[in-house]
Every structure is written in structure tokens, then in C-alpha cells.
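These notes concern the structure reproduced below.
Here is how names work: the chains are called A, B, and so on, in the same order as the sequence lines, proteins then strands, and each is numbered from 1. The structure presented is a predicted model; accordingly, all values stated were derived computationally and were not measured.
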Amino acid sequence: MHEIVPGLVYAPGYLSREEQDELVADLREAVKQAPLFTPRMPRTGKEFSVRMTNCGALGWVSDRERGYRYQATHPETGAPWSPMPRLALRVWDDLSPYKHPPEACLVNFYEASARMGLHQDRDEEDFDAPVVSLSLGDSCLFRIGGTERKSSTKSFKLHSGDAMMLTGPARLAFHGVDRIMGGTSTLLPQGGRLNLTLRRVTKA
DNA sequence: GAGTACCA
DNA sequence: CATA
């Protein structure tokens, strides 16, 4: 467990293979309940290359008309999100100094060609709570900078089972995914990468 | 703008 | 929607 930039806590190999398998099983149920959707950029309607679903009381969604937001239901089916996976809550309890539970678990599915541009997580009311992320499946090249877009950046690889927490000075750091390394994991039979992002949305 | 292009 |  170490800091790559101030406030970024990186815990490589945090989850065992058995724990990763349990999470994947929970996520299969989550996708049955609330299928992966393709978010779109506000105003332009441009599609993200990543597909998403959510678990927990609130889910992050985006479309052309209403932009980035959290809501309690799937944007296409209107169904509520699946419950937060048991292990996700346990990881939050173990890693996070912020003891109120997370309300959102955004599930991002990256095919080999998917990317995530540099961005900040700033759609939450409560920036005192950290953002906790779990990686499953193929490895990726992750990039992180500072709280201004012009800040210099560093990149490093994330592998299946790694946990990461953005807290303190890194809570609002720009970050993104440059590249997925296809075929680097056997966890997901169809390949690709799943990332779980746990967030407190409302003030506790 | 969590988009893209480009750069290192 | 909202901000750059």
C-alpha cells in the first residue's frame, strides 16, 4: 500500500482471486437487473466508449439533454439499481477513513478499445468522502494528475484485484484510462476490464 | 464536460 | 443540466 501522488492510496493485489470471482458473480446479477448502457456527452450527444451500470441507491448517468447526474433508476428501463456488492462495502469499510457508507457503485465496462479521458469526479455533494475503485479483468494504463487540467500527470498500470482510493488532495485530481491491455486476465471469459467506483454522493 | 487530438 |  503506497502513495503515487499525495492522497492517492494504491493497494495492488488487494482482492484474492476468490474475492474477484465473487464480485464478478454479483456484477452478473447487477447487469441482469440494470443492463449496461452507453452514456452520452452532454450537449453533443457523443457516445462514451465505456458502457456502464450501477449498484447501490444512486447511480451515475449522463445523456445529451440532462448531463452528468446521479439518479436512483436506470436511464432506459427505469428499474432501480442492484444492491451494492457485499465485498464492495467491505473494501470501503476497510480502506476508507470516512465511515458513512457509499451510496453509489458505478460499474464501468471497458472493451479492449475503450478509453476514459482525463476528468474529475465532481458530481457529488460531499468531497470529504474518498473515491474507492476496484479493478477486475484486463490490466489498464491509468493516468492521474493534479486538481487543474494543466498539471503534470503520471501513469501506472492497474491489474485485476487492485484497489485504489482517491482522498485528500487527490480527491479532485484529474484521472483517466489511457489504454486497456487486452488478454491480460482470465477473470472475465469475454475479456475486457470492469472498474467499480464507490462514492458517497450526499452529505452524511 | 468522463467527448477528441496531441504531446511527452 | 452546467461551466469554460
Fill in: From A/H119 atom NE2 to A/Y68 atom OH, the distance as rounded to the nearest 0.5 Å
8.5 Å
Fill in: Complement of B/dT4, any strand, by Watson-Crick or G-U distances under 3.5 angstrom
none
Worksheet item: What's the shortest heavy-atom distance between A/P85 and A/C105, and which atoms?
Response: CD-SG, 4.4 Å
Fill in: B/S/- contact track for nucleotides 2-8 of chain B, protein heavy atom under 4.0 Å
BBS----
Worksheet entry | Rounded C1' spacing from B/dG3 to C/dT3 in Å | 15 Å
Discussion item. Given A/E124, which partner from the list A/R69, A/R200, A/R171 fulfils the salt bridge (charged side-chain N to carboxylate O under 4.0 Å, His left out) test?
Written reply: A/R171
Worksheet item: Are side-chain N/O atoms of A/N108 and A/T197 paired as donor and acceptor at under 3.5 Å?
Response: no
Worksheet item: What is the nucleic acid contact for A/R43, judged by heavy atoms within less than 4.0 Å: base, sugar-phosphate only, or nothing?
Response: base
Discussion item. Could you report the tightest heavy-atom contact between A/C140 and A/I180, atom names first, then the distance?
Written reply: CB-CD1, 3.8 Å
Item to complete: Establish, from distance only, whether the side-chain atoms of A/R17 and A/T186 form a donor-acceptor pair under 3.5 Å.
Response: yes
Practice prompt. Grab the stems for DNA chain C, please: at least three consecutive Watson-Crick or wobble pairs, both distances below 3.5 Å, written as range with range.
Written response: none
Worksheet item: Between A/E148 (CD) and C/dA4 (P), how many Å, whole number?
Response: 12 Å
Discussion item. Could you report the tightest heavy-atom contact between A/F142 and A/G176, atom names first, then the distance?
Written reply: CD1-O, 3.4 Å
Worksheet item: Is it true that the NZ or CZ of A/R193 lies under 6.0 Å from the centre of A/Y110's six-membered ring and within 45 degrees of the ring axis?
Response: yes
